[in-house]
Structure formats: structure tokens, C-alpha cells
Amino acid sequence: MPNVRLTLPDGTVREFPQGVTALEVARALSPRLAAEGLAARVDGRLVDLTEPIETDASVQIITPSSPEGLEIYRHSSAHLLAAAVLELFPDAHPGVGPPTETGFFYDFYREKPFTEDDLAKLEAKMQDLVAADLPYERVYFPKEEGLKIFEQKGEFLKCQLIQEKAEPVFSAYRTGKFLDFCRGPHIPSTGRVKAFKLLSVAGAHWKGDERSYPLQRIYGTAFFSKKDLDAFLAKLEEAKKRDHRRLGKELDLFSIQDEAGAGLIFWHPKGGIVRKEIEDWLRAELVARGYDLVYTPHAMRLHLWEISGHTNFYRENMFGPMEVENDHYQLKPMNCPGHILIYKSRPRSYRELPLRLAELGTVYRYERSGVMHGLLRVRGFTQDDAHIFSMPEQVEHEVEECIEFAFQVLKTFGFDQYEVELSARDPKNSEQYAGTVEEWELAEGALKKTLERMKIPFKTMPGEAVFYGPKIDLKLVDAIGRPWQLTTVQFDFNLPRRFGLEYVGSDGRGHTPVMVHRALLGSIERFFGVLIEHYAGAFPVWLAPVQARMLPVSEKHLEYARRIAGELRAAKLRVDVDDRNEKLNARIRDAQLQKIPFMLVVGDREAQSNTVSVRRRDSGDAGAKAVSDFGAWMRELIDSRATKW
RNA sequence: GCUGGCGUAGCUCAGCUGGUAGAGCAUCUGAUUUGUAAUCAGAGGGUCGGGGGUUCGAAUCCCUUCGCCAGCUCCA
């Protein structure tokens, strides 16, 4: 039998008999590699360890430490789940079951819904299958023949997939009694699955099409070790504890009320303080950066939205128009037309450009009833919006400034990780965009060049652009690693033309300006939600609704506590006094649960020496401090917007 | 909007197969005068999300509507 020459990752070349499997290669290299191997990469192609290698090739063994390892492992876990489902629930029809970023899922069509109890039973069955150490056996079928087998099993979803996607001879994987149409690769056997958990069951639709079959999706996750799984589950718990909806209630920050309607936010006094601090900082920053602050009406004549193109391209996100004196008015879903009207209110000279109009503009968008989510997805929200009108040659610089501003925002609010996406048009779907192909190419090129010049890594997302132009989106990553889309910088060559905007150039002639839409926090509501989760409700001093709470040891010290609170308030600090008739311990506990940064315990000792005993939220008793020293310290923490102290 | 789950006091939740509501915390009152994460006692508080139906009788069963949760889809 002839030999094949296999190139290993370290560059060495070794000869093996033709038809050797990657598993055999691994064994030849080291028993440990063979034991750990999950799959193999042969000439760039991911294959099973048991696949024969017939020609010279480069071979790499995929192990748990390879980036692809976990994905393959989870895909195999999904098959394991499906195998368990078919054993326990023969009436379930399997759909698809891919790995995801955090685990895997498998979709089934079934009349009866799966319950939480079913998940426990399925986990037990999966354990049995793991114990049985069944191989993931790759088998091949000619298309017609294979199709018949799946038809006999009544797996109509699989049949549909095979008809649409299968090669003339297609591969499938057998795990015990379960046979799945699948490209692979898979791990060698079920015994290799070490740590998994089924997490939830939720609805889904066949191929994501809501008119198609309703399916039940079972979510699970799998890791190489129990330790990793436990760490993941702990992270889920942590996320639950940080949930802004829960903290919003516990800390009395905001509410959403049935009586008022879904997706509409009530900012309570404590949330209101946080919002005001954010807005004050932002406004000062806007002014410093050459923006002009404006205000525009919440409802305007529908006619404007026809000009802007919103009634064509955005109607399904708009509340219905209201009739006023034989005319129609529209609650604004965006702030752009208002700012455009300000621009248009008089002739503009090139000397005033770029004109940066900023507004904390409240907009209303119709969201389908199932999509609202706390502060993160609502129907009424305030954008920290701005529209920059500039000459074409200024626009790249303006985009750069916006991104630089966005980075400053991230830093100020304690975020240090981010991801950047460039959203371009979908070239196959040009009718959903306003403007010509040339204009789009120009705009996308300009955004791309700007990011490259700033040396910012980014991903290009085709088909993600808005109807009037391409955009750069910035996602921040919060304290527990979740990304949130907030900042958006959008290029617009469309609206200026639709509204007939002009400026007089140095040549004395009229020209059309270019417009940049940008929001940095995105929406104040969403940003607030993200902030709550990022800080787990424990805001830095400058944002904390109550910055310090006086805790008089007994009623005797109430007067002193009130006097000091008054002094600190005069120094513009947010201080309150817990004058309830409760044990000190109980009041400390409450302040702690309210995540107030500083507790000031005052009793005889403090009253005599004009001091306060400082208890820090995160590290407990910090000893006595002169009142004036404490005030100065607080001032510094606030003015520097310190996130740690 | 779609699929599934759910909606009981301000909050968190109990209430088996229908017999007309209960706990802890919170609130109020009283006692206690507190030194770094829950003092004790008493009281008030619910047309069981809304509407309709089945039944002698509904928090419990059915229909409908609103809302919430997990997803799908979509987005700041």
C-alpha cells in the first residue's frame, strides 16, 4: 500500500500508509493526543478522527484547546440531546441542532410542549447514553435512498433539509438509534461528553420564518469540564442578580406600568438623579466639542415623514398618525427632520459648517408586542442624538470626532472593552435603500477609511445598514462580558437631498451638505439599563442617587446627624439621614442593600469631635474622618467621576 | 406578531383533584435607645390582572383581553 506524506502543525512531515486515520496519526504522535483528540483538520477541512486520509495533506488534531474544539463538542452534544429526545419522545420530529456561542440547541416539532420535568428526564437519558459510550458513526447515503429512510422515520423536517441541501451522496451520523443528516465532524463517541446541562425550552420557527412550523427549541450547554460548566452557570446566576429590571425595582430607580402601556418608562426620583447626572455631563461635553443644543417638537405633520422617506422605509416602526384639523400629525420616530428644519430655517454659508445640532430627543417607535425588554427595548426613548451638517470634504473628520467622542463616553462610564461594526448595504437588496449605488460605495468607503486610519479593528456587516446610509456601530462590553449596542454613527447623503438642503460655498454657489446622524449613548433608557447591569446597581459616587447616608447610633444623635447632613448638602452632596427607630445593624443592612457608597455612623464620639465614622459600601468600616475632610474627599471623587476609591 | 410558560397583599411566593384566601418581608402603631449586614409585639392591607362563560358554588375549569417571562423575528 502506498504511503501518504502528512505535514504536521510543527512543520514536520511524516509518512503513513494511505487510508490512515487522523486517530492513528495521533496515536503515533502521543497517546495523550489520541485520548484528547476530538476531530481533525485535514488540508483545512474539519473531519472526523476516523476519516481515512488518502492523499498527501496537512493534518492537525483538534483538541479541547483548539478554538474549533468546543464548537464540535457542543454540536455532538446537540446530537446527544436529540438522541435522548427520540428515545423518550418518539413523537418529536427533529429539525436542526447547531452549536451556539454559549452552548447548543436542538429544534423539534411536537404537538405536546416539553416541560421543565422533561428536561430533567432528558438529562438523565443523556447521561445513560454517555455511559453507553456510543460512537458517532459517519454513514453515507445516495440522496434518494437516504431520503426514503428519513421519510420512513416520519422526520419531515429532515426530509425537507435533505431535499434542499444534500449532495447526491450525503453524510449522516448515527448515535445509537438516532440518525441525523449532518455534515459533521463529530467527536469519536458519547463517552467523551463530560459536562452538560439543559437550560430551557422556548419557541422557535422552522427556518426562523414565523409563518412556518412552530417548533420547540431545547437549549443546553456543554463544557469540557464540570468546573467550566459550573463557572458558566455561576455567570448566569450573576447576570440574573444584575438584571436591571430586578435592580430597578429593588433600588426604586424606574418602573414600567401596565396601566400606562408596554415599553414606556417611568423614571423614579432615584433613577431621575442618575439620568440628570448623565445628561449634565453629556451636555457640558457637547458644548465643549462645538455642538449646538436644540429642542424640537414631539409630533409634526406627517408630510415631513413623507419627504424624509420614513413613511416608505420605516412605516412599520412608526405609531399611527393622528388626525388634527384635517391634517395628519406623526409622533416622531427619529429626530432628523426636526434638525433639518432648523438647518433650513435660513440660508447657510459654508463658513458655518460643520453645523452640529444636538438634542436629547425623545422618540416613539412601534415595537411588536413580544419584543419589549425592560429598559433595553422600549417604545418611547430619548436619544442623545445629533446631526452634523458638513461639506463633503469635512465628513471624514467629523466621523472620526464622533468615534473619538464615543470612546470618551465609554471611558467615563467605566467600560473598557468594545467591538466595532461597519454596517453596509445588502448588495442583493438595493430596493430597500434610498440613494444610488455610487453614493453608497462612496459612503461605505469613507467610513471604512476612517476606521482604518484610526487603527480600530472592525467587522463588516453586509445588509445591516439603515435605509438612508451605512453606519458604524460600537458595542460596549460590560463587566460580565456581554456586548451591548449603543453608539451609532450613520452616514446620510439622502435626507439632505430630499429636503433640498443647501449651503453657499466659497464659490458663491449652492451645494448640498452631507449629514451624519450619531447617537453615543444610543438611548438614555437603554444606556441606563446597561449601566445598572454593568455596576450591578452599585453606581460610582458621581452617579449614586444617595451618595452618603447618616446613621445616628441612637435618637440622641439625630440632631448631630441632621446638622452634618445639612452641611454636606450645602456642599452639593446627596446625603440623607436614616432616622428610623431601628437597630444600627438593621439600618446598615438597608443602606448596604441600597448600595449607597458611604454610610456615616455618628454617635457620642463623633458628635464630640465633629467627625463621622465612614463605612464604605464595598470594604466596610474605614474609621473616623473630620466632616470637612470627608466632604473634600467626596467632592474629589465626584468631580473626577472616579469609578474606584 | 409567533411558540411555550406565567399573572394571588407594595415585594417574594404558598394555596392538592372547584367549597368563596395565607406566609415572610415591607407599611402603620406601641415598646425598646441601639456602635458597623435583620429588636420584640400588635394592627391595617387582596372584588386572586380585566371582561365574559360553565357551575348550587370559580383564585382553581373554558373563552376573550391586557401585561410579564424565555425564545423566534426585529432594533437605539
Side-chain angles (χ1 to χ4, degrees), chain A residues 105 107 109-110 112-116 199-219 243 245-246 249-250 252 255-263 314 316-317 333-335 361 363 365-385 464 466 471 473-475 484-488 490 517-527 529-530 551-558 580-594 599-606 613-617 620-624:
Chain A
F105 65 78
D107 283 346
Y109 178 81
R110 182 172 178 241
K112 264 179 71 183
F114 291 110
T115 65
E116 295 289 317
L199 298 171
S200 62
V201 48
H205 298 271
W206 181 235
K207 294 183 181 171
D209 180 352
E210 64 187 45
R211 288 159 305 188
S212 193
Y213 303 106
L215 305 178
Q216 298 183 61
R217 176 168 297 178
I218 298 177
Y219 280 93
D243 190 317
R245 293 167 299 185
R246 170 196 172 125
K249 201 178 275 177
E250 285 172 5
D252 199 13
S255 63
I256 299 168
Q257 312 207 26
D258 294 7
E259 244 186 307
Y314 206 71
E316 60 199 35
N317 286 299
M334 290 190 186
N335 298 303
V363 298
R365 296 185 185 172
Y366 171 71
E367 296 286 356
R368 306 208 297 173
S369 58
V371 306
M372 261 82 72
H373 182 87
L375 293 172
L376 302 179
R377 188 78 182 274
V378 296
R379 282 183 175 158
F381 58 98
T382 302
Q383 293 180 302
D384 66 318
D385 208 356
E464 297 292 312
V466 288
K471 60 176 179 166
D473 287 332
L474 207 140
K475 292 185 178 178
W484 302 95
Q485 210 238 285
L486 301 166
T487 302
T488 181
Q490 311 180 342
H517 306 239
R518 62 66 326 177
L520 304 177
L521 309 179
S523 98
I524 309 278
E525 285 75 5
R526 176 179 286 184
F527 188 73
V530 172
L551 300 177
V553 170
S554 84
E555 216 166 89
K556 278 188 303 194
H557 314 107
L558 195 50
R580 289 175 308 160
N581 182 4
E582 291 288 348
K583 303 280 278 187
L584 181 61
N585 274 344
R587 287 176 287 147
I588 286 174
R589 181 169 189 271
D590 283 349
Q592 200 72 48
L593 292 175
Q594 286 297 303
M599 284 151 262
L600 305 177
V601 178
V602 291
D604 287 336
R605 294 201 293 273
E606 289 78 11
S613 277
V614 179
R615 182 189 163 95
R616 299 159 60 117
R617 172 174 68 193
D621 197 343

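Chain letters run A, B, ... following the sequence lines, proteins first, then strands; residues in each count from 1.
Note: CG (A:Asp107) to C1' (B:G71) measures 10 Å, nearest angstrom. Remark: C1' of B:U36 and CG of A:Leu551 are 9 Å apart, rounded to the nearest angstrom.
For A:His205, counting side-chain heavy atoms from C-beta on, the closest listed nucleotide (B:U3, B:U36, B:U33) is B:U3. Closest to the A:Ser369 side chain, of the nucleotides B:A37, B:G1, B:U36, is B:G1. For A:Ala262, the listed nucleotide lying nearest its side chain is B:C68; candidates were B:C74, B:A70, B:C68. Candidate nucleotides B:C75, B:C72, B:G1 were compared by shortest atom distance to the side chain of A:Ala204, and B:C72 ranks first. Residue A:Val553 has its side chain nearest to B:G35 when only B:C72, B:G35, B:A76 are considered. Looking at the side chain of A:Ser554, the nearest of the listed nucleotides B:U36, B:U33, B:G71 is B:U33. Listed nucleotides B:G71, B:U34, B:A76 differ in distance to A:Ala202; the shortest reach to its side chain belongs to B:G71. For A:Arg365, the listed nucleotide lying nearest its side chain is B:C75; candidates were B:C75, B:G1, B:A37. Distances from the side chain of A:Glu582 to the nucleotides B:C68, B:U39, B:U36 place B:U39 closest.
Rounded to a whole angstrom, the distance from the C1' atom of B:C69 to that of B:C61 is 24 Å. With both ends at atom C1', the span from B:G10 to B:U17 equals 33 Å, rounded to whole Å. Atom P of B:C28 sits at a distance of 38 Å from the matching atom of B:G71, rounded to the whole Å. Remark: the separation of the P atoms in B:U47 and B:G51 is 11 Å, to the nearest Å. A gap of 26 Å separates the C1' atoms of B:U20 and B:C66, to the nearest Å. Across the P atoms, B:G15 and B:G22 are found 15 Å apart, a figure rounded to whole Å.
B:C6 and B:G67 make up a base pair, with Watson-Crick or G-U wobble contacts both under 3.5 Å. When both pairing distances are held under 3.5 Å, B:U39 makes a Watson-Crick or G-U pair with B:A31. Figure legend. B:G45 is base-paired to no nucleotide; pairs are counted as Watson-Crick or G-U wobble with both atom distances under 3.5 Å. Using N1 to N3 plus N6-O4 or O6-N4 for Watson-Crick, or N1-O2 and O6-N3 for G-U wobble, each under 3.5 Å, B:G1 pairs with B:C72. The nucleotide B:A26 finds no pairing partner, because no Watson-Crick or G-U wobble arrangement with both distances shorter than 3.5 Å includes it. In a base pair of the Watson-Crick type (N1 to N3 plus N6-O4 or O6-N4) or a G-U wobble (N1-O2 and O6-N3), with each distance short of 3.5 Å, B:U17 is matched with no nucleotide. Nucleotide B:G57 has no partner under the Watson-Crick or G-U criteria, as no pair reaches both atom distances under 3.5 Å.
Across all strands shown, A:Thr487 has no heavy atoms under 4.0 Å from either base or sugar-phosphate atoms. Contact annotation for A:Leu486: backbone-only contact, meaning every heavy-atom pair under 4.0 Å involves sugar-phosphate atoms and none involves a base. Contacts of A:Arg217 with the nucleic acid, taken as non-hydrogen atoms under 4.0 Å apart, involve only primed sugar atoms and P, OP1 or OP2.
Proximity of A:His373 to the phosphate of B:C75: no side-chain N or O atom is located under 4.0 Å from OP1 or OP2. Checking the phosphate oxygens (OP1, OP2) of B:U36, no side-chain nitrogen or oxygen of A:Asn585 falls inside 4.0 Å. Look at A:Arg615 and you'll find a side-chain N or O under 4.0 angstrom from OP1 or OP2 of B:A37. Phosphate proximity of B:U12 to A:Lys249: present, with a side-chain N or O under 4.0 Å from OP1 or OP2. Checking the phosphate oxygens (OP1, OP2) of B:A37, no side-chain nitrogen or oxygen of A:Lys583 falls inside 4.0 Å. Taking only side-chain nitrogens and oxygens, A:Gln485 comes nearer than 4.0 Å to OP1 or OP2 of B:A76. Contact between the side-chain N/O atoms of A:Thr488 and the OP1/OP2 oxygens of B:A76 is not found at any separation under 4.0 Å.
With hydrogens and angles left out, the side chain of A:Glu606 and the base of B:G35 share a donor-acceptor pair within 3.5 Å. One donor-acceptor pair, N or O on each side, does fall under 3.5 Å between the base of B:A76 and the side chain of A:Glu367. Judged by distance alone with a 3.5 Å cut-off, no donor-acceptor contact links the side chain of A:Arg245 to the base of B:C69.
Between A:Gly263 and A:Gln216, the residue anchored nearer the 5' end of RNA chain B, judged by the nucleotide with its closest heavy atom, is A:Gln216. For A:Leu215 and A:Asp621, each mapped to the nucleotide of RNA chain B holding its nearest heavy atom, the one lying further toward the 5' end belongs to A:Leu215.
Lacking a ring centre under 5.5 Å from that of the base six-membered ring together with a plane angle below 30°, A:Tyr219 does not count as stacked on B:G71.
Counting only distance, with no hydrogens or angles, the side chain of A:Arg377 and the backbone of A:Met372 share no donor-acceptor pair below 3.5 Å.
Using a 4.0 Å cut-off between a side-chain N of Lys or Arg and a carboxylate O of Asp or Glu, A:Asp473 and A:Lys475 do not qualify as a salt bridge.
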